[in-house]
Amino acid sequence: MSRAALLVLADGRFPAGGHAHSGGAEAAVKAGRITDAATLEEFCRGRLHTAGLVAGALAAAAALGADPGELDAAADARTPSPALRTAARRLGRQLLRAARSTWPSSELDALAREFPKGAHQPVVLGLAARAAGLGPEDAAHCAAYESVSGPATATVRLLSLDPFDATGALARLAPELDRVADRAVAAARRVRAEGADALPAASGPLLEVGAEWHAAWPVRLFAS
Amino acid sequence: MDGVTATGIRAHARIVARADGRGGTALPVLEGEGPLAPRRTRSSGSEAKVMLVGAMSGPLGGDRFTLGVRVEEGARLHVGSAAATLALPGQAEGEARYDVRLDVADGGELHWMPEQLISAEGSELYVTTRVEAGAGARLVLREEQVLGRVGERPGRLTSRLTVRAGGRTVLDQELACGLGAPGGWDGPAVLAGHRAVGQLVVVRPEFAERPVEARALGACAAVVPLAGPAALVSAVAPDALRLRRLLDEALTGLG
């Protein structure tokens, strides 16, 4: 594996469209649930252990070569909010475009044919990692990190939060992020024998409910 | 029941609902033991009604309860409970488990409407609910969790709900909260200080063609179409009463 390839894939400037999404932070800010660096950190911690764990496991399973169609259906079942399903597919389609051009691979081509409207982003992320010569641990770390870096960056814009404070929150979450990635990989390794039911299904009710509330606003800064 | 042992109580209950051929629903199997006692109550029309009566308190630490319900083709069953289920700490080591398995055949209908599950301070419970709904099956399932009795800190509660309808998994969700749960469970992404959380799953074959429209009911509840012939209402609320009101209103709204 190449450590540098991981940096390319995980780089916030990788042209995959993630910057347009707040990971639920915009809804939480408007509801008065994120007000400062401390509440941002708690939001990110909750997202990491729910959506982040699930995304990490999906990405790791895809990187291990599990059937993308089965993983995509598992992602649907773990994403009751249609606004979030749509966002995940849109992000998946954008990531697939960038990944195919960066790391051409027949598996990525096949995924594009199977999901013309886009597959769930973590599934694409896992296959992109695979195409880049990376392993399940890398894919899980990438997905788990994205689950918290997106809201942190968005909150800097939404609340004019000091970027040093937002980055500090991410750094404090790093040890937990490592543990979540480990759990995600362990679950992903069980998929071959047990099927997609072995994937974690951790959920945050307010992430799902907030996404639908957010989708109904006439004006918003972020797409989700 | 294997009796009360150092490892807690093991109890099993089973209900089978079958069309009786005269437009009603028979219950050829209605059995339970210890803390799980299903009783038939007055039926209305073609629907049989069963009430789960808590004959003991529990589940306590180390207990293991399983409950299986099967609704056969053309049968209609409504299951409620006489009181809330209270998860309490026990003398036995380890968490309690409560596994519910609901099977609804094609053309069968189940209303699974138990009262709340309350997680008392110091308790540890892992509850799973697994639904298998055949093509053409109808289901209304309500699940409500209350974290702690009034003024009390919650125990540890992990609840997984998996619904398969028409051959695919349409919902798979696990919520972990309380002391010792993964971090952030009471933060702005998960519960944000709310002490009651609930879900209502409605499976109807016609949802495959005409899914419900996604709708937020304020910042604390939403009605959404699932990826299949099913709809979900998700809600958090400060307490059990307000949660029930949200879920009832949403169910009425589904028609």
Side-chain angles (χ1 to χ4, degrees), chain A residues 23-25 27-35 38-54 73-85 147 151 173 176 179-180 183 196-197 199-217, chain B residues 128 130 145 158-165 167-177 181-194 196-201 211-228 230-237 243 246:
Chain A
V29 165
K30 179 131 174 194
R33 292 175 189 141
I34 298 179
T35 52
T39 44
L40 168 64
E41 184 172 333
E42 268 310 278
F43 177 87
C44 289
R45 183 169 282 115
R47 190 160 195 259
L48 171 66
H49 287 286
T50 55
L53 173 65
V54 172
D76 262 353
R78 287 160 177 74
T79 317
S81 155
L84 290 183
R85 291 200 294 272
S147 77
L173 286 170
E176 271 175 80
R179 287 197 296 275
V180 165
R183 276 184 68 197
D197 280 357
L199 293 168
S203 69
L206 282 173
L207 286 176
E208 300 287 331
V209 167
E212 290 305 318
W213 182 53
H214 181 265
W217 301 352
Chain B
T128 69
R130 198 175 166 86
Q145 282 126 20
T158 308
S159 169
R160 185 155 183 169
L161 172 62
T162 310
V163 180
R164 288 178 56 81
R168 66 175 291 178
T169 305
V170 296
L171 182 67
D172 200 345
Q173 293 266 271
E174 183 172 287
L175 178 65
C177 43
W185 66 269
D186 205 17
V190 186
L191 293 178
H194 293 89
V197 52
Q199 310 196 82
L200 197 65
V201 180
V212 299
E213 216 168 294
R215 186 159 62 87
L217 313 166
C220 289
V223 183
V224 295
L226 298 176
L232 173 76
V233 182
S234 259
V236 297
L243 175 67
L246 273 169

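We name chains A, B, ... by the order of the sequence lines, and we start the count at 1 in each one. In this text the structure is predicted, and so the values were computed from the model without any measurement.
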Counting only heavy atoms closer than 4.5 Å, note whether [X] contacts chain A via side chain, backbone, both or neither.
X        : value
B/Val170 : backbone
B/Leu226 : both
B/Arg130 : side chain
B/Cys177 : neither

Counting heavy-atom pairs closer than 4.5 Å to chain B, which one of [options] comes out on top?
options                               : value
A/Ser203, A/Gly204, A/Gly46           : A/Ser203
A/Asp76, A/Leu40, A/Leu48             : A/Asp76
A/Pro82, A/Ala31, A/Cys44, A/Gly32    : A/Pro82
A/Pro80, A/Ala215, A/Pro151, A/Gly210 : A/Pro80
A/Arg179, A/Arg85, A/Glu42, A/Glu208  : A/Arg85

As an exercise: rank [options] by heavy-atom pairs under 4.5 Å with chain A and give me the winner.
options                                : result
B/Ala181, B/Ala216, B/Ala219           : B/Ala219
B/Val224, B/Leu217, B/Asp172           : B/Asp172
B/Gly187, B/Gly218, B/Ser234, B/Ala176 : B/Gly218

Review point. Testing B/Thr158, B/Leu161, B/Val190 for side-chain contact (heavy atoms from CB on, under 4.5 Å) with B/Leu175, which one passes?
Key: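 One option only clears the test, and that one is B/Val190.
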Review point. Per the side-chain contact (heavy atoms from CB on, under 4.5 Å) rule, which among B/Val223, B/Val201, B/Leu246 passes with B/Val233?
Key: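 The residue from B/Val223, B/Val201, B/Leu246 that satisfies side-chain contact (heavy atoms from CB on, under 4.5 Å) with B/Val233 turns out to be B/Val223.
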Exercise for review: Determine yes or no for a side-chain-to-main-chain donor-acceptor pair under 3.5 angstrom, with A/Arg47 supplying the side chain and A/Ser147 the backbone.
Suggested key: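 Confirmed, A/Arg47 side chain pairs with A/Ser147 backbone.
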Practice item. Give a yes or no answer on whether the side chain of A/Arg78 reaches the backbone of A/Pro200 with a donor-acceptor pair at less than 3.5 Å. Key: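 Checking the backbone N and O of A/Pro200 against the side chain of A/Arg78, a donor-acceptor pair under 3.5 Å is found.
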Looking at side-chain heavy atoms only, is the closest gap between [X] and [Y] below 4.5 Å?
X        : Y        : result
A/Leu207 : A/Phe43  : yes
A/Leu206 : B/Pro188 : no
A/Arg45  : B/Pro182 : no
A/Lys30  : A/His214 : no

Point to revise | Segment of A/Leu199 engaging chain B (4.5 angstrom heavy-atom cut-off) | key: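 The backbone, not the side chain.
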Review point. Does the pair B/Leu232 and B/Gln199 meet the rule for a side-chain contact (heavy atoms from CB on, under 4.5 Å), with working shown?
Key: CA-CA 7 Å; B/Leu232 173 76; B/Gln199 310 196 82; 3.7 Å; yes
